[in-house]
Amino acid sequence: MPRTPEAQAFFHAVYAAVQEIPEGKVTTYGHIAKLIGTPQRPRQVGTALKHLPSDTSLRYHHDNVPWQRPGTSSAILTESRSQPEGARNQAANLQAEGVAVTTGALGELMVDFAEFGWFPRLLPSEEAAGVIPDDSDDDDGESE
DNA sequence: ACCCTGACCTATC
DNA sequence: AGATAGGCCAGGG
């Protein structure tokens with residue numbers, strides 16, 4: 001539970017953004033951070049989800065917010081000290097949605113974005129620019 | 001009340 | 001190509 005109202009608003013923004021992620025799809029913490037207007041704080045996004053309350057009486061809770069869908073940019077399901085089984089639980093939830101989870105050589109659970117066609121929500125500026133995070137292979141030169 | 005860590009990302013070397 | 005450094009700011013000890 002955040003101390004300052006700003007932090008609480010930030011948390012709520014994170015939860016709301018996470019709720020917008022469709023089932024079977026995933027996105028990154030950085031993208032969530034950008035969506036809520038704070039691209040410089042992907043860490044706090046993780047902090048917010050870590051502090052996601054289990055109290056179902058609240059507006060946002062563990063069962064209401066799909067905390068499993070956002071992940072890291074490296075596609076590796078990271079875990080916290082407080083919740084060592086978080087990654088495994090996340091993997092289980094993702095697999096339940098039909099998301100392919102790959103196990104690394106060292107036993108790391110990682111999501112293969114290409115397997116199910118990762119398609120995150122775009123920012124207004126990106127949509128205007130016509131940026132599609134598909135297999136668009138830009139060899140060189142960016143306009144603008 | 002201070003200091004370090006943290007479910008991270010991006011730019012630079 | 002990979003590795004390192006810096007930044008962000010709230011939580012927890």
Side-chain angles (χ1 to χ4, degrees), chain A residues 1-56 58-116 118-127 129 131-144:
Chain A
M1 186 135 153
R3 298 183 171 183
T4 65
E6 292 182 353
Q8 190 174 17
F10 178 83
F11 276 40
H12 282 198
V14 170
Y15 299 147
V18 172
Q19 285 184 326
E20 291 185 43
I21 307 174
E23 185 177 321
K25 304 283 180 68
V26 295
T27 188
T28 62
Y29 290 103
H31 205 84
I32 295 294
K34 286 199 285 188
L35 287 177
I36 63 181
T38 52
Q40 274 72 10
R41 300 161 236 197
R43 261 190 149 157
Q44 274 54 357
V45 175
T47 307
L49 278 124
K50 183 174 63 175
H51 284 267
L52 183 63
S54 55
D55 196 321
T56 54
L58 299 175
R59 181 156 60 178
Y60 300 105
H61 50 85
H62 188 277
D63 197 57
N64 190 14
V65 178
W67 59 275
Q68 55 210 17
R69 288 170 201 163
T72 64
S73 171
S74 50
I76 302 175
L77 303 184
T78 48
E79 53 189 66
S80 63
R81 295 198 303 188
S82 305
Q83 302 177 10
E85 57 185 87
R88 197 171 168 287
N89 191 12
Q90 184 177 11
N93 281 279
L94 288 174
Q95 289 182 38
E97 295 185 5
V99 178
V101 179
T102 313
T103 307
L106 299 178
E108 310 82 53
L109 297 173
M110 48 194 316
V111 178
D112 197 336
F113 293 112
E115 276 297 312
F116 57 94
W118 179 40
F119 206 86
R121 177 182 163 195
L122 298 177
L123 294 173
S125 56
E126 291 177 336
E127 289 182 287
V131 178
I132 304 297
D134 203 66
D135 53 290
S136 303
D137 188 274
D138 59 287
D139 33 280
D140 84 302
E142 46 248 36
S143 350
E144 240 328 298

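Naming: A, B, ... by sequence-line order, numbering from 1 per chain. These values consider heavy atoms only, across backbone and side chains, with no hydrogens, waters or symmetry-generated copies.
- Here the straight-line distance linking atom CG of A:L109 with atom CD of A:E79 works out to 8.5 Å at 0.5 Å rounding.
- Across all strands shown, A:Q90 has no heavy atoms under 4.0 Å from either base or sugar-phosphate atoms.
- Expressed to the nearest 0.5 Å, how far CZ of A:F11 lies from NZ of A:K50 amounts to 9.0 Å.
- Taking atom P in both B:dT5 and C:dA5, the straight-line distance is 15 Å, to the nearest Å.
- Across the protein-nucleic acid pair, A:Q8 atom CD and C:dA10 atom P stand 13 Å apart, rounded to whole Å.
- Of the possible donor and acceptor atoms, none in the side chain of A:Q68 sits under 3.5 Å from a partner among the backbone N and O of A:N89.
- To the nearest whole angstrom, the two C1' atoms, one in B:dA7 and one in C:dT4, are 22 Å apart.
- Counting to the nearest Å, the P atom of B:dG6 and the OH atom of A:Y29 are 15 Å from each other.
- Atom CG of A:L49 is separated from atom C1' of C:dA10 by 14 Å (rounded to the nearest Å).
- Here B:dG6 presents its P atom at 14 Å from CD of A:Q83, a figure rounded to the nearest Å.
- Ring orientation note: the planes of A:H12 and A:Y15 are tilted relative to one another, at an angle of 30° to 60°.
- B:dA7 atom C1' lies 13 Å from atom CD1 of A:I21, rounded to whole Å.
- Atom-to-atom, NZ of A:K34 to C1' of B:dC8 comes out at 13 Å; the value is rounded to the nearest Å.
- As rounded to whole Å, 9 Å separates atom P of B:dC8 from atom NZ of A:K50.
- Side-chain N/O atoms of A:T47 include none lying less than 4.0 angstrom from OP1 or OP2 on B:dA7.
- The 5' end of DNA chain C is approached more closely, in terms of each residue's nearest nucleotide, by A:R43 than by the other of A:E6 and A:R43.
- In this structure, the side chain of A:N64 engages the main chain of A:R59 through a donor-acceptor pair within 3.5 Å.
- Separating the CZ atom of A:R41 from the C1' atom of C:dG6 is a distance of 16 Å, rounded to the nearest angstrom.
- Relative to the side chain of A:Q40, the nucleotides C:dG11, B:dC8, C:dC8 differ in distance, and C:dC8 lies closest.
- When distances run from any side-chain atom of A:F11 to the nucleotides B:dA7, C:dG11, B:dC9, the shortest one goes to C:dG11.
- Proximity note for A:A7 (side chain, C-beta onward) versus C:dC9, C:dG11, B:dC9: the nearest is C:dG11.
- Distances from the side chain of A:T28 to the nucleotides B:dC9, B:dA7, B:dG6 place B:dC9 closest.
- Residue A:H31 has no polar side-chain atom (N or O) positioned under 4.0 Å from OP1 or OP2 of B:dC9.
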